[in-house]
Amino acid sequence: MLFTSSKNPNPKPFLAITHIFFTLLLALFGSRTQGHSSTSELDDSLVYIWPLPSEISFGKDTLIVDPDLSLAVGGEGGKSEIVRAAFDRYRGIIFKHSHGVSRFKLRGGSVYDIRKLTVIVNSDSEELQLGADESYSLLVARNDGRSIVGEATIEANTVYGALRGLETFSQLCAFDYGTKTVQVYKAPWYIRDKPRFGYRGLLLDTSRHYLPIDVIKQVIESMSYAKLNVLHWHIIDEQSFPLEVPTYPNLWKGAYTKWERYTVEDAYEIVNFAKMRGINVMAEIDIPGHAESWGAGYPDLWPSPSCREPLDVTKNFTFDVVSGILTDMRKIFPFELFHLGGDEVNTDCWSSTPHVKQWLQDHKMTAKDAYQYFVLRAQEIAVSKNWTPVNWEETFNTFAANLNPRTVVHNWLGPGVCPKAVAKGFRCIFSNQGVWYLDHLDVPWEGLYNAEPLEGINNASEQELVLGGEVCMWGETADTSNVQQTIWPRAAAAAERLWSKRETISMGNTTLTALPRLHYFRCLLTRRGVQAAPVTNKYGRSPPTGPGSCYEQ
């Protein structure tokens, strides 16, 4: 692979010129808002980029991309290893079919139209937090010797915007089997793009079934193709505790077996792998319910042998363990959000366990009061470690007035929670189980696609409090054998809802405007090795019922 360093020591004049050129292109082609197709069988009026970018213009040319495509970098962040590694990955994706093929000269001696990809990154900061700038501009044009800029150029404010631009560029490139070349149709392309929401998540549950490290990495890789940017890692639950906690090493005795565990090195590896793809990892320990597995290593955390959850609210040891876990996890997970769970807490056995019952009486608390006490004390621990606590909506529904004001409310039970949360000044994440729980196999793609995180929220300042949304891959009925088929392609429907302009993707008949594009994206996933299920099966992750094209199943 050829890398060429073309960093301009003073890139600002160049950036100003390219911005002017991009603006002129947008004015020239801006009236055209639909996109390309590489085959005559596809609807040529649609844009086959997923998720749909904010602003698009195109032309009528077909350009051929050099299999020896080189990288030129500019700007303060252009030399980032994140950019160079991403170029390497995408080059492998784009030219998967080109290796070992004889490369014939084309166009009478002018070999290829696109021989170089220039990536300009304005900032050298690689900090990845909520709200990181993921905007980018992408130009793909033939360099005829008269252009100010030519070939392919991505400009972004951060390396993470550059990653999103690289994904879009890769989707413009299609292998032509007749000429055995990679081509870009409908050029010149000019795209200016940014996400609608800063939080675009996928929950992955490794407590109900253990997922090997390589499988988690495969999920993260596939998330980047749909421009999702938060992996919500639901590591631990009542069934198993697979994560190593050095401060309390017996906790992972709660793993299913001694082989189904994650070391701290594994967790580091997942976080770093995700960062290289512009994805944050938000860890969750779900307390005080959903925590029976903790007692396998430390039985004192159980109120009694017959009352194994919620965790024992009466003992300082319980909160010492919570603090120890969070202290160890803070060294691994740099993301500002940390999920503390708080859902489905059945306190009945607290009231029937003698020492807990006595403690409640001594503190003049009901079991419901003790639930609040536990959640608020855990929040204090998280905040003391410079984390912003995220809690499932039951905490808001039960004692909103006493929650830490920094709390992010995570909706799941149904619609209408985010409007109530933002009205009280809380931030919210949308995950309505009726539409965005991927283990609900009877929810079709259009159910996910048409769900709207801002539904019922009309005030602009309150809309700003909705961080975004998250599709949830709960693991009771999914493991390595079927997790990808359950996630994809339905998660992509939510991904476009979270990235693209609401007014653009909501107009018209989505069966005509979105479904063919989602078929195309599903086939793109399968070409990249992602085990995505057919789009329109009655149940998610069902196999095809008979022969047929990838594009229509």
Side-chain angles (χ1 to χ4, degrees), residues 6 11 14-30 32-36 38 47-59 61-66 69-75 77-78 80 82-83 86-87 89-91 93-94 113-123 133-143 147-174 182-196 224-227 278 496 499-501 504 521 524:
S6 63
F14 176 75
L15 299 182
I17 291 170
T18 57
H19 177 73
I20 293 169
F21 184 67
F22 287 166
T23 303
L24 289 172
L25 268 180
L26 188 61
L28 179 62
F29 297 111
R32 302 171 185 170
T33 57
Q34 303 301 325
H36 87 274
S38 61
V47 176
Y48 291 93
I49 303 171
W50 196 282
L52 193 68
S54 303
E55 300 176 56
I56 312 167
S57 67
F58 65 90
D61 290 345
T62 297
L63 308 182
I64 300 176
V65 187
D66 190 344
L69 183 73
S70 63
L71 173 68
V73 297
S80 165
I82 292 175
V83 171
F87 176 77
R89 290 196 306 275
Y90 280 109
R91 192 177 177 282
I93 289 171
I94 293 167
D113 300 304
I114 302 173
R115 290 157 297 192
K116 179 176 66 176
L117 174 63
T118 301
V119 179
I120 303 157
V121 182
N122 296 336
S123 169
D133 189 339
E134 298 172 274
S135 64
Y136 66 92
S137 296
L138 169 64
L139 169 71
V140 185
R142 176 179 290 118
N143 188 343
S147 302
I148 299 171
V149 293
E151 303 191 16
T153 302
I154 295 169
E155 182 179 355
N157 291 324
T158 71
V159 294
Y160 305 111
L163 293 181
R164 307 307 173 221
L166 282 163
E167 173 58 39
T168 299
F169 176 71
S170 76
Q171 292 190 26
L172 290 178
C173 296
V182 171
Q183 301 183 356
V184 174
Y185 304 92
K186 300 287 189 181
W189 283 91
Y190 174 53
I191 295 170
R192 223 164 30 190
D193 199 11
K194 63 180 181 179
R196 182 181 172 210
S224 71
Y225 301 153
K227 298 186 173 75
E496 182 157 280
W499 179 278
S500 305
K501 289 182 177 179
T504 302
F521 184 71
L524 177 145

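Bear in mind that the values here come from a model prediction, so they are computed numbers and not experimental data.
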- Query: Do Y136 and T168 meet the criterion of a side-chain donor-acceptor pair at a distance under 3.5 Å?
  - Reply: yes
In this structure, OG of S57 is separated from CG of L139 (nearest 0.5 Å) by 8.5 Å
| Side-chain contact, heavy-atom cut-off 4.5 Å: I82 with L163? | yes
dist I93:CD1 -> Y225:OH (nearest 0.5 Å) comes out at 4.0 Å
What verdict does the side-chain contact (heavy atoms from CB on, under 4.5 Å) test give for Q171 and Y48, after you've listed the backbone C-alpha separation in whole Å, the side-chain angles of each residue and the deciding distance to 0.1 Å? CA-CA 8 Å; Q171 292 190 26; Y48 291 93; over 6 Å; no
**Message:** Can a donor-acceptor pair be found, under 3.5 Å and without considering hydrogens, that links the side chain of S123 to the backbone of T158?
**Reply:** no
- Query: Would T118 and V73 count as a side-chain contact (heavy atoms from CB on, under 4.5 Å) if you check the C-alpha gap in whole Å, the side-chain angles of each, and the deciding distance to 0.1 Å?
  - Reply: CA-CA 6 Å; T118 301; V73 297; over 6 Å; no
d(S170 OG, R91 CZ) to nearest 0.5 Å is 14.0 Å
- Message: Do E496 and L52 have side chains that approach each other closer than 4.5 Å (heavy atoms only, starting at C-beta)?
- Response: yes
Scanning both residues in full, the closest heavy-atom pair of E134 with P195 reads OE1-CG, 3.9 Å
Minimal heavy-atom distance between I154 and A162, with the atoms involved, is CG2-CA, 4.2 Å
Practice task
Please report the C-alpha distance between L138 and W189 in whole Å, then the side-chain angles of each, then the deciding distance to 0.1 Å, and finally whether the side-chain contact (heavy atoms from CB on, under 4.5 Å) criterion is met.
Solution key: CA-CA 8 Å; L138 169 64; W189 283 91; 6.0 Å; no
Residues I191 and P53: closest non-hydrogen pair is CG2-CB, 3.6 Å
Original post:
Ignoring hydrogens and geometry, is there a side-chain-to-backbone donor-acceptor pair from E151 to V140 under 3.5 Å?
Top reply: no
**Asked** Below 4.5 Å, heavy atoms only, C-beta onward: do F169 and I94 meet side chain to side chain?
**Response** yes
Donor-acceptor check, side chain of D133 to backbone of S135, threshold 3.5 angstrom: yes or no? yes
dist D113:CG -> D66:CG (nearest 0.5 Å) comes out at 10.0 Å
inquiry  = As a quick check of understanding, evaluate side-chain contact (heavy atoms from CB on, under 4.5 Å) for I114 and I64, giving each step before the final call.
reply    = CA-CA 6 Å; I114 302 173; I64 300 176; over 6 Å; no
Rounding to 0.5 Å, atoms CG (D193) and NZ (K501) come to a distance of 9.5 Å
Between R192 and S137 the two heavy atoms that sit nearest each other are CG-OG, 3.4 Å
Please check if the side chain of S80 supplies one atom and the backbone of V159 the other of a donor-acceptor pair under 3.5 Å.
no
query = Are V119 and L71 side-chain neighbours, meaning at least one heavy-atom pair lies under 4.5 Å?
reply = yes
Between D61 and R142, the two heavy atoms sitting closest are OD2-NH1, 3.4 Å
* Decide whether Y90 and E167 meet the rule of one side-chain donor and one side-chain acceptor closer than 3.5 Å. => yes
NZ of K227 to CH2 of W499, rounded to nearest 0.5 Å, is 6.0 Å
Closest non-hydrogen atoms of C173 and V65, given as atom of the first, atom of the second and distance, are SG-CG2, 4.4 Å
